Amino acid sequence: MAYDVREIANLVLEIADGDQIPVTNLDINKIVYFLHGWYLAKTGNPLVSAKIEAWRFGPVFRELYSQFADVGSQPISFRATRRNTTTLEKEVCYPAITTEEFEFLEPLVHQYIRIKTSILVDLSHVPGGPWDKVFNHDTDINPGMEITNDAIKSFFSQQARH
């Protein structure tokens with residue numbers, strides 16, 4: 001089951017807070033992208049249901065960018081929310097992930113939260129990678145600059161073999 005991207009972002013933020021490591025908007029977008037890629041490579045299924053777009057500084061989930069836009073480049077100090085469809089009240093998004101999923105994701109989160117923002121950007125911009133192929137496309141038009149799950153899965157599956 002693919003999760004709401006805000007749920008996975010909040011999981012990352014909880015782990016980062018526990019490790020006392022600040023995470024910015026740019027960081028969270030890259031970290032969730034990498035988690036999504038490794039999860040796709042391992043399971044063949046998407047971790048998150050959100051569309052991923054190729055922006056100047058790498059892969060971006062529009063939902064996350066807008067959720068945390070007000071903090072700019074400062075560390076995120078709150079959790080992503082959504083409207084409850086019944087009460088219309090804002091509620092924090094927490095994933096109900098399985099133990100197996102948590103055991104897969106947690107070490108990756110610990111690894112990626114320790115990587116400097118500039119390196120996360122570099123890793124997401126690797127030549128021939130999904131972002132590079134979409135952002136530096138060969139056609140005149142590329143509406144939405146979407147990075148597809150197929151492209152991500154193919155790339156991360158190849159990386160897992162090396």
Side-chain angles (χ1 to χ4, degrees), residues 1-82 92-135 147 149 151-162:
M1 171 187 101
Y3 294 98
D4 181 316
V5 70
R6 294 166 293 191
E7 294 174 339
I8 301 303
N10 285 344
L11 174 68
V12 171
L13 293 169
E14 287 292 321
I15 293 170
D17 279 357
D19 289 355
Q20 298 181 349
I21 296 175
V23 174
T24 67
N25 194 345
L26 190 58
D27 295 329
I28 198 73
N29 273 279
K30 303 308 159 272
I31 293 167
V32 174
Y33 166 75
F34 291 124
L35 297 177
H36 180 70
W38 290 119
Y39 191 84
L40 268 170
K42 178 184 187 255
T43 68
N45 298 311
L47 177 63
V48 298
S49 57
K51 176 180 167 182
I52 305 168
E53 297 177 14
W55 289 16
R56 180 176 173 211
F57 291 106
V60 170
F61 298 91
R62 198 174 284 269
E63 295 93 331
L64 293 184
Y65 179 81
S66 63
Q67 240 343 257
F68 303 120
D70 289 346
V71 298
S73 61
Q74 296 302 307
I76 299 168
S77 60
F78 56 94
R79 299 298 175 260
T81 61
R82 65 178 161 228
V92 174
C93 310
Y94 285 110
I97 65 173
T98 66
T99 301
E100 182 181 350
E101 289 169 324
F102 183 79
E103 289 172 353
F104 175 75
L105 295 172
E106 183 186 30
L108 291 170
V109 173
H110 286 293
Q111 174 186 337
Y112 282 109
I113 62 175
R114 287 171 168 73
I115 298 174
K116 289 175 53 176
T117 303
S118 60
I119 303 298
L120 289 172
V121 171
D122 289 347
L123 291 171
S124 72
H125 282 67
V126 65
W131 175 88
D132 182 57
K133 288 180 178 178
V134 172
F135 196 79
I147 304 173
N149 282 335
I152 296 167
K153 179 181 173 185
S154 175
F155 178 78
F156 279 87
S157 293
Q158 290 174 355
Q159 299 307 305
R161 287 187 225 133
H162 295 294

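Because the structure is a prediction, the values reported are computed rather than measured.
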Are W131 and Y33 near enough that their ring centres are under 6.0 Å apart? no

Between [X] and [Y], is there a donor-acceptor pair closer than 3.5 Å when you use the side chain of the first and the backbone of the second?
X: Q74; Y: V71; value: no
X: H36; Y: S49; value: no
X: N29; Y: F61; value: yes

Nearest heavy-atom pair of [X] and [Y]: which atoms, and what distance?
X: P46; Y: N149; answer: CB-ND2, 3.8 Å
X: L13; Y: I76; answer: CD1-CG2, 3.9 Å
X: I113; Y: A16; answer: CD1-CA, 3.7 Å
X: G37; Y: F156; answer: O-CB, 3.3 Å
X: A54; Y: V134; answer: CB-CG1, 3.7 Å

Spacing of [X] atom [atom1] and [Y] atom [atom2] [to the nearest 0.5 Å]:
X: F68; Y: T24; atom1: CZ; atom2: OG1; answer: 10.5 Å
X: N25; Y: T117; atom1: CG; atom2: OG1; answer: 10.5 Å
X: F34; Y: S124; atom1: CZ; atom2: OG; answer: 5.0 Å
X: I8; Y: I28; atom1: CD1; atom2: CD1; answer: 10.0 Å
X: I152; Y: I147; atom1: CD1; atom2: CD1; answer: 6.0 Å
X: I52; Y: L64; atom1: CD1; atom2: CG; answer: 10.0 Å

side-chain contact (heavy atoms from CB on, under 4.5 Å) with V92: which residues, sequence neighbours excluded?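 V92: side-chain contact (heavy atoms from CB on, under 4.5 Å) contacts with N10, R79, T81, Y94.
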
Output all residues satisfying side-chain contact (heavy atoms from CB on, under 4.5 Å) with S66, sequence neighbours left out; order by chain, then residue number.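 Partners of S66 under the side-chain contact (heavy atoms from CB on, under 4.5 Å) test: none.
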
Residue list, salt bridge (Lys or Arg N to Asp or Glu O under 4.0 Å) with [X], at least two apart or on another chain:
X: D4; value: R6, R82
X: D122; value: none
X: E103; value: none

Do L35 and V109 have side chains that get closer than 4.5 Å, going by heavy atoms? yes

Non-hydrogen side-chain atoms of K30 and L123 separated by less than 4.5 Å: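 K30 does not reach L123 side chain to side chain.
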
Criterion side-chain contact (heavy atoms from CB on, under 4.5 Å) on V126 and F155, from CA distance to verdict: CA-CA 11 Å; V126 65; F155 178 78; 3.5 Å; yes

Just to verify, what does Y39 make a ring-ring contact (aromatic ring centres under 6.0 Å, His included) with, not counting sequence neighbours?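 ring-ring contact (aromatic ring centres under 6.0 Å, His included) list for Y39, sorted by chain: empty.
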
